[in-house]
2 protein chains.
Amino acid sequence: MARLQNRASEGRRRASHSMESVLTEAVALLDEAGEPALTFRALAQRLGGGVASIYWYVANKEELLDRATDHVIGSVLADVEALPARDDPIDALRAMAMTLFYAIVERPWLGSYFMRSSTVQGNSLRLYERLGEQTLRLDLSARQRFHAVSAVVGVVVGSAVDLGQEPPQEVLDGAVSREEFLSRYAQRWREMDPADFPFVHDIVDEFDGHDDIEQFCAALELTLAGLRLQSGT
Amino acid sequence: MARLQNRASEGRRRASHSMESVLTEAVALLDEAGEPALTFRALAQRLGGGVASIYWYVANKEELLDRATDHVIGSVLADVEALPARDDPIDALRAMAMTLFYAIVERPWLGSYFMRSSTVQGNSLRLYERLGEQTLRLDLSARQRFHAVSAVVGVVVGSAVDLGQEPPQEVLDGAVSREEFLSRYAQRWREMDPADFPFVHDIVDEFDGHDDIEQFCAALELTLAGLRLQSGT
DNA sequence: ACCTGAACACCGTTCAAGT
DNA sequence: ACCTGAACACCGTTCAAGT
């Protein structure tokens with residue numbers, strides 16, 4: 001449906017791309033303004049060619065997104081594989097999950113795509129494997145291992161989705177900072193009746209100006225603590 | 001930007017809607033075929049009117065999705081509030097999280113929307129409050145409580161996103177059952193080199209035909225175990 | 001093998017006008 | 001206060017044709 005090619009460009013009159021350049025530019029568009037920015041027309045313009053030529057590399061937009069995602073997951077995988085070895089598999093799991101999460105912080109659009117099942121192959125699968133290998137060092141059943149890795153990935157995705165949807169365009173425009181945005185919500189919360197919303201009032205100061213990474217780490221820690229307990233380490 | 005109305009319909013020649021009917025039909029479309037099915041034209045047709053009239057109730061598609069989501073979260077909230085009281089707050093948290101997850105299993109499109117920040121008000125906020133109130137009964141700091149609820153919500157969302165993206169249309173069409181679909185992946189996994197993918201081979205039988213609910217429960221259990229440990233209960 | 005322009009069907013949104 | 005038809009700009013995708 002789509003083939004790889006990468007031959008050196010000889011004298012050409014027409015535009016000439018490559019899978020590499022298509023994906024690189026696609027990722028650039030995603031980085032700039034998320035999925036809505038990735039259109040075939042915008043991409044064609046960046047590549048200096050016509051819209052239809054992209055369809056030689058990719059069957060449709062879904063495949064374009066899958067390949068773009070897999071492309072950047074490739075570098076996440078490299079980062080994960082470059083991590084120093086750990087005696088404790090749970091420490092290793094933590095480091096890997098954090099590497100993945102950091103990558104999503106830098107590319108919020110990644111959050112919604114990196115584990116869609118069409119992508120459960122290529123680099124995503126390799127990443128899944130690397131996480132899973134750590135659980136092989138724990139005293140668990142295969143089912144427990146399967147669930148453990150799903151849980152860790154779930155924590156990453158769960159936190160990441162939040163992240164990907166947070167900025168409501170005024171923040172992206174830079175018109176409003178993230179802090180202001182959070183504070184605005186916090187302010188509304190403070191104005192509600194404390195009798196009806198005791199918990200919201202209890203944590204509103206924590207919500208106001210909170211750090212997403214810290215929030216993610218706390219969630220990850222709970223899961224890893226549960227896992228440690230289960231593995232009897 | 002959009003106002004509520006619900007007056008009884010008198011003799012009318014033109015179509016006449018209500019916020020209620022707009023949201024009900026919007027949800028029906030989402031239930032039938034997910035977000036792509038929810039278009040202003042499809043919705044107008046179901047309501048028996050013109051496209052533009054919907055814009056009297058809703059400023060744009062984002063608001064339509066937010067309101068539709070909040071609408072169904074309303075019934076989830078009712079279910080959660082109808083849950084029997086529990087001595088153990090962590091048991092209560094589990095029951096609530098499962099209620100929410102079950103609702104998403106029935107409406108996979110819910111997963112991606114129910115916690116986007118534009119929705120952090122209305123019924124979503126009430127649901128968040130109900131979850132949080134359970135943590136008020138635990139011996140934790142405000143920050144720990146904030147993180148605990150985020151973690152629980154994260155587990156739900158993390159598992160739900162998976163769910164929402166799983167069926168790749170052939171499953172939705174009913175042409176391929178979920179089991180077949182999973183088995184197809186499993187088969188590809190089994191064909192890979194065990195030396196390169198020891199973990200994948202270790203868990204492939206668990207993956208094949210796995211139950212999403214069980215997977216979610218396992219992830220939730222790990223988080224709750226961590227929380228229990230933290231609260232010293 | 002790879003690229004192009006033009007077309008098609010469909011989408012969200014707007015607006016001046018109706019009742 | 002609420003609905004309408006017609007238009008606009010934009011989208012993914014296709015296709016017959018070019019090189």
Side-chain angles (χ1 to χ4, degrees), chain A residues 1-23 25-26 29-30 32-69 109 113 118 168-169, chain B residues 1-23 25-26 29-30 32-69 109 113 118 168-169:
Chain A
M1 214 151 257
R3 259 142 276 168
L4 264 169
Q5 68 112 17
N6 220 337
R7 102 201 122 65
S9 54
E10 317 109 9
R12 54 165 116 114
R13 328 183 166 90
R14 302 184 303 167
S16 172
H17 323 316
S18 69
M19 192 76 241
E20 228 341 81
S21 62
V22 168
L23 295 185
E25 294 306 324
L29 283 168
L30 289 166
E32 279 168 30
E35 207 219 303
L38 179 58
T39 68
F40 279 83
R41 288 174 229 271
L43 184 52
Q45 197 180 350
R46 275 179 100 108
L47 291 166
V51 215
S53 64
I54 301 168
Y55 282 91
W56 194 83
Y57 295 92
V58 123
N60 49 41
K61 188 162 187 186
E62 195 192 329
E63 192 184 325
L64 178 59
L65 266 165
D66 281 353
R67 283 187 187 269
T69 303
W109 57 270
Y113 298 110
S118 10
Q169 98 198 15
Chain B
M1 212 153 258
R3 257 143 279 170
L4 266 169
Q5 68 111 19
N6 222 337
R7 106 200 121 62
S9 54
E10 317 110 8
R12 52 166 117 115
R13 325 182 166 92
R14 303 184 301 166
S16 171
H17 322 317
S18 68
M19 191 75 239
E20 232 335 87
S21 62
V22 168
L23 295 185
E25 293 306 324
L29 283 168
L30 288 166
E32 279 168 29
E35 207 218 302
L38 179 56
T39 68
F40 279 84
R41 288 174 230 270
L43 184 51
Q45 197 179 351
R46 274 180 102 107
L47 291 165
V51 215
S53 64
I54 300 167
Y55 282 91
W56 194 82
Y57 296 91
V58 122
N60 49 42
K61 188 163 186 186
E62 196 193 328
E63 192 185 325
L64 177 60
L65 266 164
D66 281 353
R67 283 187 187 269
T69 303
W109 58 270
Y113 297 109
S118 9
Q169 99 198 14

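Side-chain N/O atoms of B/Y57 include none lying less than 4.0 angstrom from OP1 or OP2 on D/dC2. Residue B/Y55 places no side-chain N or O under 4.0 Å from the OP1 or OP2 atom of D/dT4. For B/S53 and D/dT4, the shortest distance from a side-chain N or O to OP1 or OP2 is below 4.0 Å.
Residue contacts shown for A/L64 are absent, as no nucleic acid heavy atom lies under 4.0 Å away. Across all strands shown, A/L47 has no heavy atoms under 4.0 Å from either base or sugar-phosphate atoms.
The 5' end of DNA chain D is approached more closely, in terms of each residue's nearest nucleotide, by A/F40 than by the other of A/F40 and A/A52. Residues A/R41 and A/G48 both approach DNA chain C. Their nearest nucleotides, taken by heavy-atom distance, put A/G48 toward the 5′ side.
Going from atom NE2 of A/H17 over to atom P of C/dT4 covers 5 Å, rounded to whole Å. As rounded to whole Å, 12 Å separates atom P of C/dC11 from atom CG of B/L43. Atom CD of A/E35 and atom P of D/dC11 are 12 Å apart (whole Å). One interatomic measurement links the two molecules: CG of B/N60 to C1' of C/dC11, which rounds to 14 Å at whole-angstrom precision. Counting to the nearest Å, the C1' atom of C/dC3 and the CD atom of A/Q45 are 17 Å from each other. At whole-Å resolution of the value, CH2 in A/W56 and P in D/dC15 are 19 Å apart. Between the CD1 atom of A/I54 and the P atom of C/dA1 there is a distance of 20 Å, rounded to whole Å. If you measure from atom CG of B/L38 to atom C1' of C/dG12, you get 11 Å, rounded to the nearest angstrom.
Note that the CG atom of B/L47 and the OH atom of B/Y57 stand 8.5 Å from one another [nearest 0.5 Å]. The distance from atom OH of B/Y55 to atom NZ of B/K61, rounded to the nearest 0.5 Å, is 9.0 Å. Here the CG atom belonging to A/L38 is positioned 4.5 Å from the CG atom belonging to A/L30, to the nearest 0.5 angstrom.
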For A/E32 and A/R46, what are the C-alpha separation, side-chain angles and deciding distance, and is it a salt bridge (Lys or Arg N to Asp or Glu O under 4.0 Å)? CA-CA 13 Å; A/E32 279 168 30; A/R46 275 179 100 108; 3.1 Å; yes
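Between the side chains of B/E35 and B/Y113, at least one donor N or O lies within less than 3.5 Å of an accepting N or O.
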Pairing of DNA chain C as dot-bracket, 5' to 3': ( ) intra-strand, [ ] crossing, | other strand, . unpaired, with Watson-Crick or G-U pairs under 3.5 Å? ||.|||||...|||||.||
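Between the B/E63 side chain and the B/A59 main chain, a donor and an acceptor come within less than 3.5 Å of each other.
Remark: A/R67 does not engage A/E62 in a salt bridge, criterion side-chain N to carboxylate O under 4.0 Å.
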